[in-house]
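Here the structure comes first, spelled out in structure tokens, and everything after it is commentary.
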2 protein chains.
Amino acid sequence: MEHDRWVGLDLRHLLALKAIADEGSFGRAADRLGYTQSAISQQIASLERIVGLRLLERPGGPRPVTLTEAGRILLRHAEAIEARLLAAKADMAALEAGDAGRVRVGTFQSVGAKIIPELLRQFAASHPGVEVVLTESQDEDELLAMVERGDLDLTFWTLPLVGGPYEAVELLRDPYVLVVPADSPLARLERPPTLREITLHPLVGFNQCRAMAHVDRQLAAAGRTPNYVFRSDNNGTVQGLVGAGVGISLSPRLTVDEDDPSVAIIDLQGRLEPRVIGLVWHADRHFSPAARAFVESAVAVCSELAEAPAAA
Amino acid sequence: MEHDRWVGLDLRHLLALKAIADEGSFGRAADRLGYTQSAISQQIASLERIVGLRLLERPGGPRPVTLTEAGRILLRHAEAIEARLLAAKADMAALEAGDAGRVRVGTFQSVGAKIIPELLRQFAASHPGVEVVLTESQDEDELLAMVERGDLDLTFWTLPLVGGPYEAVELLRDPYVLVVPADSPLARLERPPTLREITLHPLVGFNQCRAMAHVDRQLAAAGRTPNYVFRSDNNGTVQGLVGAGVGISLSPRLTVDEDDPSVAIIDLQGRLEPRVIGLVWHADRHFSPAARAFVESAVAVCSELAEAPAAA
DNA sequence: GGTTTCCATCATGGAACATGATCGTTGGGT
DNA sequence: ACCCAACGATCATGTTCCATGATGGAAACC
């Protein structure tokens, strides 16, 4: 391959293109990047000279700059390169911080209660040199954003995966159960109640939680509109409210306390699709041995959990 | 995100890292890239200053330079970025050449005979503005290399796909048939002959062809060693040799001339896995509307072909 | 037609870079 | 033990490239 003009290409060129595409103006792009308008103008001129094609359409006057066909195509590559560069930066930062023996993992409440303790116990025993840093959040999307930024190496996640530069592994399927007051007539049925029977009762649920959205989506698809009388972010609160007779609750099995005598737990036997819990990581980032080991441990622990789902 | 020292990163830095990793020496890397050793040394120093980590282990003396852990990780990102950059370059070159209405497609003989004519006819009729440039090669790997370099937009390919930055779509499954002389006793059997019965006869086959390798692999897996008495690159030659009684042939159905009275064609009815023909393209490159249309036409034509496989 | 909002262009000062020479280090050959 | 070859780091230097600030020209809005 010839040593052509492409070696003169600079990252600033690509960042400038992206900034202009976002802002629609050389001047605003310059402000955002901390350059002068003249500098941006020259950078783009240089970039166009390198690729040999006009990348931006300057209509003149106060009208916004638009991308040409070539500009759009190049911009997609530029964004991919920038993303890869950010991944590299995150990897270097992790290495600089001495992360060879550290895994930063994102969790959320319903996974924290049952999976994490056993997983950490086994992982610590089998990998004593690895430090695990947990970050718990109410908002799964925030966890994913942290993975994207490189602030986390892994995060638990309710599958399926949304689009993005991610890879995932499925850990376990967690079926939904119906939690009712211990003296509820629903608890004495021979068969699991139908969705219709369930939605006739007032419901207690969670806030802003992907598992709950999953339930609501399925109810809506079945033509049922749930009647929520209370929402909380805390599993114990939800279960306490059910025990107190405020309502009933559709909860993932892993989130319920099966030893609570004030409630009865009813297997829905497939009336609702189970939620699928997995681990997600950034596809472009370096997969450290410590992270790999953590994923393997998680898979092992969860397959144990799945085989003995209702251990007292 | 802060405007940190990473904006000073230059592609030459990454290319230098890659060159050193390949060559094991600053000096040879400098030669390859057309710089002086001093320049390379300073580039690496600058790169290490940017990332804040030592990337190369210099043992001193004539021993080769090796990558550190950080260097290895960064190198993988650098290679991904370089690959993406090459894809961008290919896209720009294609655009510069006025490829908006052009598709460059790689083919090989066995696909050229039956699929291509009907496909081109239909495609030309439905997309009159698009020019199709065909490149035929005996060697499928060469076609794939051309896709990788950006010399082709699409290529036919015998699936499964090997590793690499490719995407593919399956077009059709082409079963193998046994081609025997018209007066062969094999042609009078009630059932298709077994692999054992086949390999007792001398075989005529193709040279360096993935479809043939596919057959040999399956025969080997079944513990049969084929006895090739002749190989040719030309379908007509192979079939002519069979007709002349030189041997029998295992050929994909699409490659045989069913009107040849000197041979009989025997359906193997699943004794061999069919070869799968698909279209492959570069995952990172821009997918032009013309290329997309070509893929769609190919899928349509091939599904017609699959439904009427033995049209006289 | 004046005004505003753009981008392109120009000359200039400064930073970054490649060069060529030199030095320190290491390992192998004699 | 010695010398030599191979190698990377460093230094001073000349050049190239880039960002700056000011100016000019084009298009739309009032």
Side-chain angles (χ1 to χ4, degrees), chain A residues 2-68 70-71 75, chain B residues 2-68 70-71 75:
Chain A
E2 39 166 345
H3 275 174
D4 49 9
R5 47 200 194 205
W6 280 74
V7 298
L9 198 144
D10 201 321
L11 294 173
R12 281 164 298 170
H13 296 322
L14 300 179
L15 290 179
L17 180 66
K18 186 162 133 65
I20 294 173
D22 289 346
E23 301 285 346
S25 143
F26 281 42
R28 278 189 296 277
D31 283 346
R32 184 212 273 200
L33 298 176
Y35 291 123
T36 14
Q37 172 264 325
S38 174
I40 296 295
S41 185
Q42 289 183 70
Q43 282 181 7
I44 293 299
S46 165
L47 181 59
E48 287 180 331
R49 192 158 29 80
I50 287 174
V51 306
L53 290 169
R54 172 155 284 244
L55 299 171
L56 295 164
E57 211 57 66
R58 296 90 152 166
R63 283 171 299 183
V65 175
T66 57
L67 290 166
T68 64
L75 178 61
Chain B
E2 40 167 341
H3 277 174
D4 49 9
R5 45 196 194 203
W6 279 74
V7 297
L9 197 142
D10 201 319
L11 294 174
R12 282 166 298 173
H13 297 320
L14 300 179
L15 290 180
L17 180 66
K18 187 161 134 62
I20 294 174
D22 289 345
E23 301 286 346
S25 142
F26 280 43
R28 278 189 296 275
D31 283 346
R32 182 210 276 199
L33 299 176
Y35 291 123
T36 41
Q37 172 264 325
S38 173
I40 297 294
S41 185
Q42 288 181 71
Q43 282 181 7
I44 293 298
S46 165
L47 182 58
E48 287 180 331
R49 193 157 28 82
I50 286 173
V51 306
L53 290 169
R54 173 155 283 244
L55 299 172
L56 295 164
E57 211 58 66
R58 296 90 152 165
R63 283 171 297 183
V65 175
T66 57
L67 290 165
T68 64
L75 179 61

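If you're wondering where the values come from, they're calculated on a predicted model, not measured in any experiment. So you know, we letter chains A, B, ... as the sequences are listed, proteins then strands, and number each from 1. Hydrogens, waters and symmetry mates are skipped; everything else that's a heavy atom, side chains included, is used.
- Remark: C1' of dG25(D) and CZ of F26(A) are 15 Å apart, rounded to the nearest angstrom.
- Taking R12(A) as the reference, D10(A) meet the salt bridge (charged side-chain N to carboxylate O under 4.0 Å, His left out) condition, with sequence neighbours excluded.
- No side-chain heavy atom of T66(B) sits under 4.5 Å from any side-chain heavy atom of L56(B).
- Between the P atom of dG14(C) and the OH atom of Y35(A) lies a distance of 19 Å, rounded to the nearest Å.
- Spacing between atom CG of L9(B) and atom P of dC17(C) amounts to 11 Å, rounded to whole angstrom units.
- In this structure, I40(B) atom CD1 and dT10(D) atom C1' are separated by 16 Å, rounded to whole Å.
- The stretch residues 10-22 of chain B does not touch DNA chain D, since none of its heavy atoms comes less than 4.0 Å from the strand.
- Two residues are said to be in side-chain contact when any heavy atoms from C-beta on lie closer than 4.5 Å; H13(B) and V51(B) fail this criterion.
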Could you pull out all donor-acceptor pairs under 3.5 Å where a side-chain atom in residues 14-29 of chain B meets a protein atom, sequence neighbours excluded?
residue	atom	partner	partner atom	Å
D22(B)	OD2	R32(B)	NH1	3.4
D22(B)	OD2	R32(B)	NH2	3.2
E23(B)	OE2	R32(B)	NE	3.2
E23(B)	OE2	R32(B)	NH2	3.2
S25(B)	OG	G27(B)	N	3.1
S25(B)	OG	R28(B)	N	3.2
R28(B)	NE	E23(B)	O	3.4
R28(B)	NH2	E23(B)	O	3.2

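- Residues satisfying the salt bridge (charged side-chain N to carboxylate O under 4.0 Å, His left out) test with R54(A), not counting sequence neighbours, are none.
- For the pair S38(B) and dT19(C), the criterion of a side-chain N or O lying under 4.0 Å from OP1 or OP2 is not met.
- Scored by the side chain to side chain donor-acceptor pair (under 3.5 Å) test, R49(B) finds no partners at all (sequence neighbours excluded).
- Taking T36(B) as the reference, S38(B), A39(B) meet the side chain to side chain contact (heavy atoms under 4.5 Å, CB included) condition, with sequence neighbours excluded.
- Going from atom CG of D31(A) over to atom C1' of dA19(D) covers 15 Å, rounded to whole Å.
- Contacts of residues 41-51 of chain A with DNA chain C (heavy atom under 4.0 Å): S41(A), Q42(A).
- Between dG27(C) and R63(B), a contact under 4.0 Å exists linking OP1 or OP2 to a side-chain N or O.
- When the side chain to side chain contact (heavy atoms under 4.5 Å, CB included) test is applied to A70(A), the partners found at least two apart in sequence or on another chain are L53(A), L55(A), T68(A), M92(B), L95(B).
- For a distance-only test at 3.5 Å, the side chain of Q37(B) qualifies as a donor-acceptor partner of the base of dA9(D).
- Residues that satisfy the side chain to side chain donor-acceptor pair (under 3.5 Å) test with S41(B), not counting sequence neighbours, are absent from this structure.
- Of the side-chain N and O atoms in R58(B), none sit less than 4.0 angstrom from OP1 or OP2 of dT25(C).
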